[in-house]
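To keep things clear, I will list the structure first and then write my remarks on it.
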Amino acid sequence: MKTVKSLADYQSEYQTSVEQPEKFWEKIADQFLWKNRWSKVLDWNFTEPTIQWFVNGTLNITENCIDRHLSKNAHKTAFIFEPNEPSESTQNISYQTLYDEVCRLANVLKKLGVEKGDRVCIYMPMIPEAIYGMLACARIGAVHSVVFGGFSAQALKDRINDSLCKVVLTTDGAFRGNKKIPMKATVDEALIECPSVKYTLVFNRTNDTIKMQEGRDLNWKTEVQSQPDHCEPVYVDAEHPLFILYTSGSTGKPKGVLHTTGGYMVYTAYSFANVFQYQPNDIYWCTADVGWITGHSYITYAPLLNAATSVIFEGIPTYPDAGRFWQVVDKHHVTHFYTAPTAIRALEAAGLEFVKPYKLTSLKVLGSVGEPINEEAWNWYSANIGKNKCPIVDTWWQTETGGILISPLAGITPTKPGFATLPLPGIQPILVDDKGNEITGNNVEGNLCIKFPWPSIIRTTYGDHERCKQTYFSTYKGLYFTGDGCKRDENGNYRITGRVDDVINVSGHRIGTAEVESALNMHEDIVESAVIGYPHEIKGQGIYAYCISINEHINSDDLKKELIDLVNKQIGPIAKPDKIQIVRGLPKTRSGKIMRRILRKIAEGDFANLGDTSTLLDPTVINEIIEPHLKNNN
C-alpha cells in the first residue's frame, strides 16, 4: 500500500482528505479486491446516525488478507507463534498454511450449520487458532464475537446471549505465565443459560482433563482434519457486519460495538501502513490480546492486509522473568514493537538488569496503545528500548473507532512525550466546550469530538441502535463524541487527558464503573457502592470501591476478600478493585446523586480541593471517609 513519505507529503494528503474525502478514500479502496465495485463512496448523517461506506460494494475480507498474497507470498511467514514457555518450539505459519487452516475451519463451521450473518463466539487464549477462528467466520460471512479469555462465566454468558451466538470456539485451557487457566470449564458454566449455542469446538492446548458434552462439544483437531483445505469465500455487502466486540460503558450492561466489512478493511490497512511505515521484510509485534480491539485491528486484520509478518505471543511480559519481551525481540529480530503503557511501566519498575542482556538492535519503531503514556515512561521506553533511535508512535483510538485516529507517523511526524500529535489523513478532530461550542486555535483544552466519518467508525451497538445514538452522537449535535478530554498545544498537537465519563481505563482496558458497582451490590451485606478510578503507578488507573455495609460489626478484611471474589466471578480478575473502603455513607446531593468527583479527590489524597460540598445531603460523611486516609499518612 502506498504510504506517506514526508511531513510535506502528510500535509498534502491530509488537506486532500479533508477537502475531497470521498475521492481520497475511493483511491485507497481501489487497492483491494472487490467482487462488485461500489455505486457511492459515502452516505451519512450523525443524527440517526447512519453511516455507509462503499455503498453496494461487495467483497470478502479474507480474500484481501490471504488469497491475493498467495501468488507471490505463499511461503512468506504470516505469523510467528511464540508460546508461553520459552522452551517450547516456535511455529512459523506461512500465508499458504494460514489459507489452508482458515479454509478447513470455515468448512467445519459450515458443517455445524453456521451461515452468513450468524454469530460465533471465540473464547480463546493468544494462540494461532484464535485468529484462524476469526478469519474462518469472515470467510463464510459469519460474525465473530471474541470474548477476552480472562472474563468470567457470567460475563461470557451475557455476551453470548446478547448476540445469540450459535457456536463457541474455545480451548481446554490456557497457559499464562506459571499458571494454567481452565477455559472449557468456564464455557461449560456459561452455557448452562445460553440456549442459542448448538455446538462448541474445543482445541486442546493444555491437554487437561475436561468434560465433553455429547452432541454439543466437538474436538477441534478431529473436525478440522476431515475437511478440505479450500473454502469458497462468501461475498458480503461492504456494510455487512464483520464482528461484534463488547466494551464497558458508563451503564452496567456492556455495549456490543459493531464494525462492518468494507470500511473497516480499508481504514485499518491504511492506518497500519502509514503509522508504522511497515516495509516488506519487517517483523512486527503487537503484544495485545485478540480479546480487545487492538488484537482485532493490529494483530489480525491490518497486518495481513499488508502482507506483513507478525509475532503472536501467548505469554506475559514477566514470565519467566521481566526480560521476556526483550528476549523475544532479539530472538525474532523484531523491527516494530507495539505495547501498552502499563507493560512499559511494569518493566521499568522491574529494573534495567532485565534489559541489559539484550541487544534490541533490530528495532526500528516503537508503539504505545491503550491509554495516554506518561512522559517518564515515554522517556524510559525511548532511551532503554529504542536507544533513542526509534520513533515512538503514541497511538490514540478506541474500540468504537476501529483504527488509530491520532498518532505520529513513524519517522515522519515530530514526536513529543505524552502527545498523540496529529490526526491521520481523513480524521477531522475538534475540541468543544461543555455546551458543544467549538474551541478554536491552539493552547486550548476541551472535549474531543470528530466532525466527519472515517471508514472504520462504529455503525451501531448490536441490538440497540438507540444506545449507540445516545452514547456517541447525542451529547454534541452533529459530532461523534469520543468521551475523552483533550489538550491541543501551540503547534496543534493533541494530548489525550482521559475519560470524562464513568469509565476507568485499567491497563488500557475500559471498565465501566456501573458494571463493577452492580457486581459489588450483589453481596448480601452491601447496601450501596460507588466505584471510581484513581492514579495507579503501573496500571495508569486503579479501581477504588467505596461500599456501605449493612452490618457495622462485620470483619472488613473478610468482607473485602468476598467482594473481590464476587467481582472476579461476575466480570473477571481485570475488574477487581485495587482498594475497597467500607463506609457509613456516600457523599450525595439532596437529589440522591453520588458526588464521584469528591470520592476521586479523596482517593487521590487531594483533601484540600474537594470543591463545593454545601449541596450535600450529609456533609459529615466526607470527614468519616477521609479519616482512614489521614491515619495512614501519619
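Side-chain atoms are counted along with the backbone in the values below, which use heavy atoms only and exclude waters and symmetry mates.
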Heavy-atom side-chain proximity of Val143 to Ile244 below 4.5 angstrom: yes
Side-chain donor-acceptor contact under 3.5 Å, His332 with Glu82: yes
Sole residue of Val202, Val146, Leu201 in side-chain contact (heavy atoms from CB on, under 4.5 Å) with Leu169: Leu201
Distance-only check: which donor-acceptor pairs under 3.5 Å involve side-chain atoms of residues 120-134, not counting sequence neighbours?
unit_1 : atom_1 : unit_2 : atom_2 : d
Tyr123 : OH     : Gly149 : O      : 3.3
Tyr123 : OH     : Phe151 : O      : 2.7

Distance flag, aromatic centroids of Tyr338 and Phe276, threshold under 6.0 Å: yes
Gap separating the SG atom of Cys65 from the OH atom of Tyr99, nearest 0.5 angstrom: 14.0 Å
Modelled atom types, side-chain donor and acceptor of Ser382 and Lys387, under 3.5 Å: no
Derivation of the side-chain contact (heavy atoms from CB on, under 4.5 Å) call for Tyr199 and Leu112: CA-CA 7 Å; Tyr199 297 100; Leu112 300 181; 3.9 Å; yes
Glu232 bridged to Lys110 by N-O distance under 4.0 Å: no
Test item: side-chain donor near acceptor, Asp484 and Trp396, under 3.5 Å: yes
Short side-chain donor-acceptor distance under 3.5 Å, Thr3 and Lys5: yes
Pairwise salt bridge (charged side-chain N to carboxylate O under 4.0 Å, His left out) hits with a residue in residues 113-122, at least two apart: Asp118-Lys166
Sidechain N-carboxylate O distance under 4.0 Å for Glu88, Arg205: yes
Exercise: do Glu371 and Thr342 side chains pair donor with acceptor under 3.5 Å: yes
Cationic N near anionic O, under 4.0 Å, Lys27 to Glu22: no
Exercise: do Asp217 and Thr200 side chains pair donor with acceptor under 3.5 Å: yes
Sub-4.5 Å side-chain heavy-atom contact between Asn56 and Asn36: no
Residue pair Trp292, His509: steps toward the ring-ring contact (aromatic ring centres under 6.0 Å, His included) verdict: CA-CA 8 Å; Trp292 308 108; His509 307 312; 4.0 Å; yes
Side-chain donor-acceptor contact under 3.5 Å, Asn219 with Thr222: yes
Audit row: Arg459, Glu400, salt bridge (charged side-chain N to carboxylate O under 4.0 Å, His left out) steps and yes/no: CA-CA 9 Å; Arg459 298 305 198 266; Glu400 296 86 349; over 6 Å; no
Trp44 and Phe452: CA distance, side-chain angles, deciding distance, ring-ring contact (aromatic ring centres under 6.0 Å, His included) verdict: CA-CA 9 Å; Trp44 73 287; Phe452 194 89; 5.0 Å; yes
Full working for side-chain contact (heavy atoms from CB on, under 4.5 Å) between Phe272 and Met1: CA-CA 10 Å; Phe272 174 85; Met1 173 169 285; over 6 Å; no
Polar side chain donor-acceptor pair, His465 to Thr460, under 3.5 angstrom: yes
Salt bridge Arg176-Glu314, side-chain N to carboxylate O under 4.0 Å: no
Side-chain donor-acceptor pair present, Asp162, Tyr246, cut-off under 3.5 Å: yes
Salt bridge (charged side-chain N to carboxylate O under 4.0 Å, His left out) contacts touching residues 60-78 (sequence neighbours left out): Asp67-Arg139
Ring pair (Phe, Tyr, Trp, His ring centres under 6.0 Å) partner of His296, chosen from Phe243, Tyr301, Tyr264, Trp397: Phe243
Any donor-acceptor N or O pair under 3.5 Å, side chains Ser271, Thr268: no
Thr339 side chain to Tyr381 side chain, donor-acceptor N/O pair below 3.5 angstrom: no
Aromatic plane relationship, Trp38 with Trp34 - under 30° parallel, 30 to 60° tilted, over 60° perpendicular: perpendicular
